[in-house]
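Structure first, commentary second.
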There are 4 protein chains.
Amino acid sequence: MKADLIKQSTDLFVEKGFSATSIQDIVDTLGVTKGSFYYHFKSKEALLMDIHLRYIDDLLKRQKAILDTEQTHRGKLVKVVELLIHDIETQGALGRVYYREIRHLTPENAALIKAKRGEFRENIEKIMEAGIKAGEFRENLQPKMITFAILGVTNWSYQWFNPEGVLSVADLADMYTDFILNGIVASEK
Amino acid sequence: MKADLIKQSTDLFVEKGFSATSIQDIVDTLGVTKGSFYYHFKSKEALLMDIHLRYIDDLLKRQKAILDTEQTHRGKLVKVVELLIHDIETQGALGRVYYREIRHLTPENAALIKAKRGEFRENIEKIMEAGIKAGEFRENLQPKMITFAILGVTNWSYQWFNPEGVLSVADLADMYTDFILNGIVASEK
Amino acid sequence: MKADLIKQSTDLFVEKGFSATSIQDIVDTLGVTKGSFYYHFKSKEALLMDIHLRYIDDLLKRQKAILDTEQTHRGKLVKVVELLIHDIETQGALGRVYYREIRHLTPENAALIKAKRGEFRENIEKIMEAGIKAGEFRENLQPKMITFAILGVTNWSYQWFNPEGVLSVADLADMYTDFILNGIVASEK
Amino acid sequence: MKADLIKQSTDLFVEKGFSATSIQDIVDTLGVTKGSFYYHFKSKEALLMDIHLRYIDDLLKRQKAILDTEQTHRGKLVKVVELLIHDIETQGALGRVYYREIRHLTPENAALIKAKRGEFRENIEKIMEAGIKAGEFRENLQPKMITFAILGVTNWSYQWFNPEGVLSVADLADMYTDFILNGIVASEK
DNA sequence: TATGAATGAGGTTTCATTCAT
DNA sequence: GATGAATGAAACCTCATTCAT
């Protein structure tokens, strides 16, 4: 039941946004009552926090697995990009909630989530730094800014990509790792 | 007065989101009354539409100027990227409202804005297509997807970039055009 | 367990009032669940009635003991006043619940409690009447109104008196019996 | 309208208590809507605070007038007692709300009201002190405790006295000033 | 142009109570 | 005896909107 509530509310938050989704909307889709909702969640914000925590903790765990497994910096980066893009398929557009609605968490909760987001981002920065040092990546890159650029490429996909369209998630991941690694300019031979 | 209302409400929408910002919030920061708001705007949604229209029309106008002026495909692309990033400074984080709150427009209005967004995006796609054909850009790129990637890089900046920080908007624009054009992999010499 | 529920709920009713205290509040302080509460009490009102009944029945029993024991009218009155004031120490501020929350009983239950209250008060009135007749008390007193005045002196103590302060319950009882008997005017010698 | 809301809600608070009176109850008796209530009052608690403030400020003002006018300590005391008892007639049983519902104010507001209550009480204490010093009142009285006893006599009247009964407010005031001044014991001649 | 008062729908939350286990 | 989940009514409050002035 709690799981159902999380599932339904996430879908509704994706579709209509957190503020525009009422508790009534959520419980109506499940045919239960508001009282039931408040038995499982202290507040609407608590539900949002729950969603955020599950998402980022899961992301961090899988990121860690990649860092521990992959050998090259390039391999690590590619796998992390794939991780983010594949999530569009497995998690629905949950990422949209994750980035859009953090403002509706209490300051304390928002701070916690932001710290975990920062951790995820810093892990990518570290890949960049190490890759530059090792000569795998270009020298004149600023790791922090390039990390934001890479996250932009992946996260923006949540806004528009339809995994059931003509292009598969795997195709998109390939295309984007290629773009990130090589840019768009034709090499002069 | 109308301009003040637009300015204040945009700031509040950036900060708290459209749904979470009440008309009362808006008029309170200006020291006027709600009646006054409704003299200038038919509804809250009309204000949001106004904001969207001003933003996208301005963007399209400036994009058109670039397309008419720049000669190379590469030059056109670089200038459009710069246009988007420089907006963070001149327009504040208005872009955040623009992408986040379209959901709260009426279906008709949302369709109009989406059409204009599409136009803006297609103009970039056309640059890509032409650039590929001309050999300026790599052959095996999919213009549509690469356009989304580029928009991801620029638009994501609205989420985190502080133009008053140590890195200037111009620096960021340079760095990102370089990233888009060349990727991150060190060339093997 | 039932005793614990009564004890905790009385404390909470004293502190926050009957309406403002939820069943959840009560069971939380005991670490049990609501189902458990409803095993012991038919309803929240039944608990309140239980508290009222225990209190007034106990008071009546002890008042009766005094009436049977003391010889003089003055002695009876003094002992009843002492009874009421000493209760602040032994019963906590239960008296506050007793007077404040009768409104939340069902009409039938409220009537029963009011009848018992009336009995307690009439017993004091009878002391007054007999004392006046016997010449122990002043002639021109109206027993009913003076009884209310005396109850005012004692019951009001529940509002402010702290038995752990510098003045003991016994001191207060002495002082108030003296006040009731002699008033405040200095006798002209 | 605001005045109407205060009037109706005070009556309902007297009758059913603050917690048990809903905003709906209040507005229904006036045939207006909840929105209207919240236009005039920020919250239910703000209304309660309004009622408390009006009551105690008025009481303090009238007490001050008495202190400035009356010459003897005895006269001052008698007039203050009359002031309190006459209020039952002019203010309805508002005093019941005043003493019973303070717990529903926010801590800050409750502190303010308690401070003003304290001021009122201290003014009576000062009469007692001065009266004792001047030999008008008995030497062995503790001003603070006697003040509470006097307030008990008067305030308790709010609980039971019906000004439309056989005994008038003036009669009660006479009777109680006599009781306070002379006690109940028959003087031995 | 602007205000102040009012509306009514709907928002989040609380709560006494029930009941299968 | 006790629990945990659920209910449904009702609580407080917010808000976009209207309108006479």
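Everything numeric here is computed off the predicted structure, so don't read it as measured data. Chain identifiers are assigned alphabetically (A, B, ...) following the order of the sequence lines, protein sequences preceding nucleic acid strands; residue numbering begins at 1 within each chain. Values below: all heavy atoms of this structure, side chains included; hydrogens, waters and symmetry mates excluded.
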Which residues pass the salt bridge (charged side-chain N to carboxylate O under 4.0 Å, His left out) test with [X], not counting sequence neighbours?
X	result
Asp57(C)	Lys116(C)
Lys2(D)	none
Arg54(A)	Asp50(A)

message = I need the residues from residues 98-112 of chain C with at least one non-hydrogen atom less than 4.0 Å from DNA chain F; give them sorted by number, or say none.
response = none
Not counting sequence neighbours, which residues clear side chain to side chain donor-acceptor pair (under 3.5 Å) with [X]? List them please.
X	answer
His40(C)	none
Arg96(C)	none
Ser19(C)	His104(C)
Ser22(A)	Asp25(A)

ask   = For Phe120(A), what residues pass the ring-ring contact (aromatic ring centres under 6.0 Å, His included) criterion, not counting sequence neighbours?
value = none
remark   = From CE of Met1(A) across to C1' of dG4(F) the rounded distance in Å is 14 Å
query = Roughly, in whole Å, what's the span from CG in Asp4(B) to P in dA2(E)?
reply = 10 Å
task = For residues Met49(C) and Leu112(C), determine if any side-chain heavy atom of one lies less than 4.5 Å from a side-chain heavy atom of the other.
result = yes
key: Per-nucleotide protein contact string for nucleotides 11-21 of chain F (B base, S sugar-phosphate only, - none; heavy atom under 4.0 Å)   = SBBBSBBB---
note = Paired runs of 3 or more consecutive Watson-Crick or G-U pairs involving DNA chain F, with both pairing distances under 3.5 Å, are E:2-21 with F:2-21
request  = Taking side chain to side chain contact (heavy atoms under 4.5 Å, CB included) as the test, write out the residues that go with Gln8(D), two or more places apart.
outcome  = Thr29(D), Leu30(D)
